[in-house]
Protein chains: 2
Amino acid sequence: MGFLKGVEYLDHLAYDSVIFGFAGDNLKILLMEYHDTALFALPGGFVQVDEDLNEAVSRGLAERTGIQNVYLEQFYTFGDAKRNLTGEMNKILNANNLGDDSLKWILNRFVSVAYLALINYKNVNPRPDEISDSCTWYDVNNLPPLIQDHSTIVEKALITLQSQLDHKLPIYELLEEQFTMAELQRVYEVILNESLHRGSFQRKMLSLGILKRHEKQFNGGANKAPYLYSFLK
Amino acid sequence: MGFLKGVEYLDHLAYDSVIFGFAGDNLKILLMEYHDTALFALPGGFVQVDEDLNEAVSRGLAERTGIQNVYLEQFYTFGDAKRNLTGEMNKILNANNLGDDSLKWILNRFVSVAYLALINYKNVNPRPDEISDSCTWYDVNNLPPLIQDHSTIVEKALITLQSQLDHKLPIYELLEEQFTMAELQRVYEVILNESLHRGSFQRKMLSLGILKRHEKQFNGGANKAPYLYSFLK
DNA sequence: CGATTATTGTCGCATTATGAGACATTAAAG
DNA sequence: CTTTAATGTCTCATAATGCGACAATAATCG
């Protein structure tokens, strides 16, 4: 077993989370940067000995972003034998003066369960943990180099997001409570990475019967004002 | 770490596989029954310390069915804290005179990665392992009670199968090299659990351009003989 | 104050996909 | 030769989708 600050964790098992947000017409994810290193990683963590796996992920997400009751979806478990943090983590531990033997277990091989979450960009209060000094949003199309196989994890998360977009993913988490049709279309376009026909998109969305129309929004532009919509609960 | 016959395994980590076959117009899965118990379980196993997770599953499947190069898809990782085999496994170990302490680790909490496979019913040579005396096909709609949460795992496998049927799953593994349109339709109907319109199904399949038409099959029936088809490679 | 501009809501049309029934074909049995 | 049952294909109605067009409208500009 591994111990971290007096808590016992399952050895060889971790989770990583790909946390999506939407801002400035682009899809973002949360990344951590470790103190005094140029190493970026997905926010992840370990599973306590008597803790549900899903609970562990919720807990970690709450600790890092301050938000709770998030839509979390498990999408793949990465289990290659050579998945370990030797090298990178040595650098991190040294930079943080944590080089004692009690943390050696962190250098073991880890099987990692990957989750994705869709959250509202504005609701987040990214908080660094003890060994990372920033937890910041990055444009998903312009990520820094990530440690280990974290780039692969992000890729797989994106593919999952795309394939499940029409089925069950609660896209509304990404937007404000109320939004325009153009904003909603932009979310779809960014996730699918393709442009959609405006008329068809609007017709399709309205035909689904999942949107409620509200007051028009006078946005100050020299044009017709759009309606605001929200998702029916 | 856990030891089994001199090999070292990752503790707290297991896999379970839902192996689908098709025979007699029905979808089947492989189940193991333990010696001298009435306990049925999905074929599963453990991951060696220096072994890729995917490798472990392939290895286990080859050991139990004799077939290799199977399409294996990971679909979920079950990680509830109370997932353990206390009770059931005690019964199994006692029935097999394996009640010594060296196997105590098997009673721990296990996080299990679940895989599904589609294989050709006829190619399989189910082989029991040391502690299970049968590894047999069961109709998926008529399963015996399964240990632990294995029924839940089967359910989730079925849902995954259904949702991915049109996208990427290599259904052809379930059939012979050549097959009739009626047989193919039956596979779809069994997986989707609904009947399909014959004309529409045939039109759809032919329009996909993934089938090659062969000689007619004179099946001895008092009716027009169907063509045989195979999937284009 | 009227013309202009950019964006929006909606419609029409062509094309494609889908559901359902119908009809001729055909291999074997009587 | 007739009958039977399954098959290949067709037609029609309906639904879904891609794409362009048009009127409406809020702000700006002359």
Side-chain angles (χ1 to χ4, degrees), chain A residues 22 24-26 162-168 171 175-232, chain B residues 22 24-26 162-168 171 175-232:
Chain A
F22 182 77
D25 273 9
N26 273 104
Q162 291 170 355
S163 69
Q164 304 200 343
L165 185 53
D166 279 330
H167 302 298
K168 56 185 229 200
I171 293 304
L175 294 166
E176 298 298 306
E177 167 72 18
Q178 298 194 359
F179 48 86
T180 67
M181 191 60 77
E183 287 167 348
L184 182 59
Q185 181 175 343
R186 182 64 190 155
V187 169
Y188 272 75
E189 289 180 336
V190 165
I191 291 177
L192 296 176
N193 197 30
E194 65 181 3
S195 58
L196 303 172
H197 184 274
R198 190 176 59 85
S200 302
F201 181 81
Q202 173 135 334
R203 178 182 50 195
K204 175 73 176 170
M205 281 298 136
L206 293 179
S207 78
L208 292 177
I210 57 173
L211 295 181
K212 181 163 189 265
R213 179 176 279 181
H214 301 270
E215 301 283 290
K216 287 203 174 192
Q217 178 190 44
F218 291 76
N219 54 5
N223 50 40
K224 185 173 178 177
Y227 288 108
L228 286 176
Y229 297 88
S230 65
F231 286 95
L232 290 171
Chain B
F22 182 76
D25 273 10
N26 273 105
Q162 290 170 355
S163 68
Q164 303 200 344
L165 186 52
D166 279 329
H167 303 298
K168 57 186 230 199
I171 293 304
L175 294 165
E176 299 298 307
E177 168 72 17
Q178 298 194 358
F179 47 86
T180 67
M181 192 60 77
E183 287 167 347
L184 182 61
Q185 181 175 344
R186 183 62 190 157
V187 168
Y188 272 75
E189 289 179 337
V190 165
I191 291 176
L192 296 176
N193 197 29
E194 64 182 1
S195 58
L196 304 172
H197 185 273
R198 190 176 60 84
S200 302
F201 181 81
Q202 174 135 333
R203 179 181 52 195
K204 176 72 177 170
M205 281 297 136
L206 293 180
S207 78
L208 292 177
I210 58 173
L211 294 180
K212 181 165 191 269
R213 178 176 281 183
H214 300 271
E215 301 284 291
K216 287 205 172 190
Q217 179 191 43
F218 291 75
N219 57 4
N223 50 39
K224 186 175 178 177
Y227 288 108
L228 286 176
Y229 298 88
S230 66
F231 285 96
L232 289 172

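Quick note: numbers below take in every heavy atom, side chains included, and nothing from hydrogens, waters or symmetry partners. Below, chain A is the first sequence line, B the second, and so on; all start at residue 1. Every value quoted in this text rests on a predicted model; they were computed, and no experiment measured them.
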Could you list the donor-acceptor pairs under 3.5 angstrom formed between side-chain atoms of residues 201-210 of chain A and any protein atom two or more places apart in sequence or on another chain?
{"residue": "A:S207", "atom": "OG", "partner": "A:K204", "partner atom": "O", "Å": "2.8"}

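Rounded to a whole Å, the CD atom of B:Q202 is 15 Å from the C1' atom of C:dT18. Distance B:M181 CE to C:dT25 C1': 17 Å, rounded to the nearest Å. Protein atom CZ of B:R186 is 14 Å distant from nucleotide atom P of D:dA6, rounded to whole Å. Atom CD in A:E194 sits about 13 Å away from atom P in D:dT17, given to the nearest Å. Rounded to whole Å, atom P of D:dG8 lies 12 Å from atom CG of B:L184. The distance from atom CZ of B:F218 to atom P of D:dA6 is 17 Å, rounded to the nearest whole Å. Across the protein-nucleic acid pair, B:Q217 atom CD and D:dG8 atom P stand 11 Å apart, rounded to whole Å. Residue B:E183 contributes atom CD, which lies 11 Å from atom P of D:dG8 at whole-angstrom precision.
Below 30°, between 30° and 60°, or above 60°: for A:F179 and A:F231 the angle between ring planes is between 30° and 60°, a tilted geometry.
To the nearest 0.5 Å, atoms CG (A:D166) and CD1 (A:I171) are separated by 9.0 Å. Rounding to the nearest 0.5 Å gives a distance of 10.0 Å between CG of B:L184 and CG of B:L196.
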Could you list the protein-to-nucleotides 2-5 of chain C atom pairs, N/O on both sides, closer than 3.5 Å?
{"residue": "C:dT5", "atom": "O2", "partner": "A:A222", "partner atom": "O", "Å": "3.1"}

Polar atom pairs (N or O), protein with nucleotides 20-23 of chain D, under 3.5 Å:
{"residue": "D:dG20", "atom": "N7", "partner": "A:H197", "partner atom": "NE2", "Å": "3.0"}

Worked check of side-chain contact (heavy atoms from CB on, under 4.5 Å) between A:Y229 and A:M181: CA-CA 7 Å; A:Y229 297 88; A:M181 191 60 77; 3.8 Å; yes
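Of the possible polar contacts, one joining the A:Q162 side chain to the A:I191 backbone as a donor-acceptor pair under 3.5 Å is found.
For B:Y188, the side chain to side chain donor-acceptor pair (under 3.5 Å) test picks out no residue, with sequence neighbours left out.
Comparing D:dA26, C:dG9, D:dC19 against the side chain of A:R203 picks out D:dC19 as the nearest.
Closest non-hydrogen pair, B:D25 versus B:V190, comes out as O-CG2, 3.4 Å.
Taken residue by residue, residues 204-216 of chain A places heavy atoms nearer than 4.0 Å to DNA chain C at A:L206, A:R213.
A 6.0 Å sphere centred on NZ of B:K216 holds more than 12 heavy atoms belonging to other residues, nucleotides or ligands. Counting non-hydrogen atoms of neighbouring residues, nucleotides and ligands closer than 6.0 angstrom, the CD atom of A:E215 reaches no more than 12 such neighbours.
For the side-chain hydrogen bond (donor to acceptor under 3.5 Å, both in side chains) condition, the pairs that include at least one residue of residues 175-187 of chain A, sequence neighbours left out, are A:N120-A:E176, A:Q178-A:H214, A:Q185-A:E189.
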